[in-house]
**Student:** 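Below are the structure tokens for one structure; questions will follow.
Here is how names work: the chains are called A, B, and so on, in the same order as the sequence lines, proteins then strands, and each is numbered from 1. Every heavy atom of this structure was used, including side-chain atoms; hydrogens, water molecules and symmetry mates were not.
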2 protein chains.
Amino acid sequence: MEQFSNSLDHIFQALADPTRRAVLERLGHGPASVGELAMPFDMALPSFMKHITMLEASGLIRTHKRGRVRHCSIEPQRLALIDGWLADQRALWTGRTDRLERFVTQPGHKDKPR
Amino acid sequence: MEQFSNSLDHIFQALADPTRRAVLERLGHGPASVGELAMPFDMALPSFMKHITMLEASGLIRTHKRGRVRHCSIEPQRLALIDGWLADQRALWTGRTDRLERFVTQPGHKDKPR
DNA sequence: AGAAAACTGTTCCATAAGGCTAACTATCAC
DNA sequence: GTGATAGTTAGCCTTATGGAACAGTTTTCT
């Protein structure tokens with residue numbers, strides 16, 4: 001519950017930065033090393049590593065080190081959490097629309113909208 | 001393009017806070033005033049107002065003042081931006097999976113994965 | 001062994017986020 | 001017109017973010 005909420009915090013936070021979204025998009029094409037991922041960006045490696053760390057902390061990517069290079073891959077089921085939240089959200093306001101509609105089309109029905 | 005990216009920045013940023021997500025969920029049931037929205041939270045009004053301001057800046061809600069009370073309502077099509085991004089994202093890695101599958105099932109086919 | 005590659009750790013900096021209190025403005029209800 | 005209501009402004013504090021520089025450390029290559 002709070003675990004869930006906390007996850008969403010970190011996931012949305014991670015997605016709020018264009019660099020990190022770009023990394024995810026890149027990883028959508030397949031795994032890559034930190035160095036490969038960092039190349040397109042005009043940024044010092046340590047700075048870039050922070051983004052990787054945040055992505056991993058949010059659970060959106062998984063990494064493991066082989067030799068001196070760290071490999072990163074995407075964790076798609078993590079994005080499903082957002083799907084879930086969006087679906088809930090949509091259910092709320094389409095549910096409301098439905099109730100409103102019932103109320104309008106069946107004026108006798110006691111279903112307090114609001 | 002960059003406008004789009006910028007929008008996502010603000011939308012994800014807005015969603016990264018539990019208070020703001022709760023406000024959105026409440027607004028999913030229908031419009032409400034700032035006071036009504038603030039009631040469940042143990043927080044000073046000025047602090048709460050910052051959340052409202054951020055939500056409005058991200059475009060996720062719309063507000064307008066009538067008399068001395070400010071009314072807030074949700075802006076559902078804004079969430080569709082996230083849907084779009086998620087869909088793109090999924091297209092990437094399912095596309096990859098498909099290619100990988102073709103590669104696996106047709107070993108003779110020259111389609112370098114990765 | 002020695003050098004280069006690929007991170008990692010540490011420290012620093014500027015700005016933004018999230019909270020607070022106190023004082024202020026603008027309605028609305030008598 | 002007084003007083004309560006509903007926000008708003010302004011200032012302060014603390015922590016987190018996104019960036020940089022510079023000095024390690026571990027592997028790999030020759």
**Student:** For the helix from C:dA1-D:dT30 to C:dC30-D:dG1, figure out the bend between the end axes, five pairs an end, and round to 10 degrees.
**Tutor:** 30°
**Student:** Reading DNA chain D in the 5' to 3' direction, which nucleotide is the first one with an atom under 4.0 Å from a heavy atom of chain A, and which is the last?
**Tutor:**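 Range of nucleotides touched by chain A: D:dG18 to D:dT28.
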**Student:** Could I get the full list of side chain to side chain contact (heavy atoms under 4.5 Å, CB included) partners for B:L86, not counting sequence neighbours?
**Tutor:**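 B:L86 satisfies side chain to side chain contact (heavy atoms under 4.5 Å, CB included) with A:L79, A:I82, A:D83, A:L86, B:I82, B:R90 once adjacent residues are dropped.
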**Student:** Partners of B:S33 by side chain to side chain donor-acceptor pair (under 3.5 Å), sequence neighbours excluded?
**Tutor:** none
**Student:** Of A:A16 and B:R70, whose nearest nucleotide on DNA chain D comes first from the 5' end?
**Tutor:**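 Here B:R70 is the residue nearer the 5' end.
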**Student:** Using atom CD1 of A:I52 as one end and atom P of C:dT8 as the other, report the distance to the nearest whole Å.
**Tutor:** 10 Å
**Student:** So if I define the base as every atom that isn't primed, P, OP1 or OP2, how would nucleotides 19-30 of chain C read as a B/S/- string at a heavy-atom cutoff under 4.0 Å?
**Tutor:** BBBB----BS--
**Student:** With sequence neighbours left out, which residue pairs that include part of residues 40-52 of chain B fulfil the side-chain hydrogen bond (donor to acceptor under 3.5 Å, both in side chains) condition?
**Tutor:** B:R20-B:H51
**Student:** Checking A:E75 now: which residues fulfil side chain to side chain donor-acceptor pair (under 3.5 Å) with it, not counting sequence neighbours?
**Tutor:** A:R62, A:Q77
**Student:** Going by side chain to side chain contact (heavy atoms under 4.5 Å, CB included), name the residues that satisfy it together with A:P76, two or more places apart in sequence or in a different chain.
**Tutor:**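 A:P76: side chain to side chain contact (heavy atoms under 4.5 Å, CB included) contacts with A:I74, B:W93.
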**Student:** Under the rule for salt bridge (Lys or Arg N to Asp or Glu O under 4.0 Å), what residues qualify as partners of B:R68, not counting sequence neighbours?
**Tutor:** none
**Student:** Using whole Å, report how far NE2 of B:H10 lies from C1' of C:dA16.
**Tutor:** 11 Å
**Student:** Test of understanding: with side chain to side chain donor-acceptor pair (under 3.5 Å), list the residues that count as partners of B:T63, not counting sequence neighbours.
**Tutor:** B:E56, B:R70
**Student:** Using the side chain to side chain donor-acceptor pair (under 3.5 Å) criterion, which residues pair with A:S58? Sequence neighbours excluded.
**Tutor:**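 A:S58: no side chain to side chain donor-acceptor pair (under 3.5 Å) contacts found.
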**Student:** Tell me every residue that passes side chain to side chain contact (heavy atoms under 4.5 Å, CB included) with B:A32, counting only those two or more places apart in sequence or in another chain.
**Tutor:** B:R26, B:L27, B:E36, B:L37
**Student:** Whole-Å distance between C:dA17 C1' and B:D9 CG?
**Tutor:** 15 Å
**Student:** As an exercise, state the distance from CD of B:Q13 to CD1 of B:I11, rounded to the nearest 0.5 Å.
**Tutor:**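 The CD atom of B:Q13 sits 12.0 Å away from the CD1 atom of B:I11.
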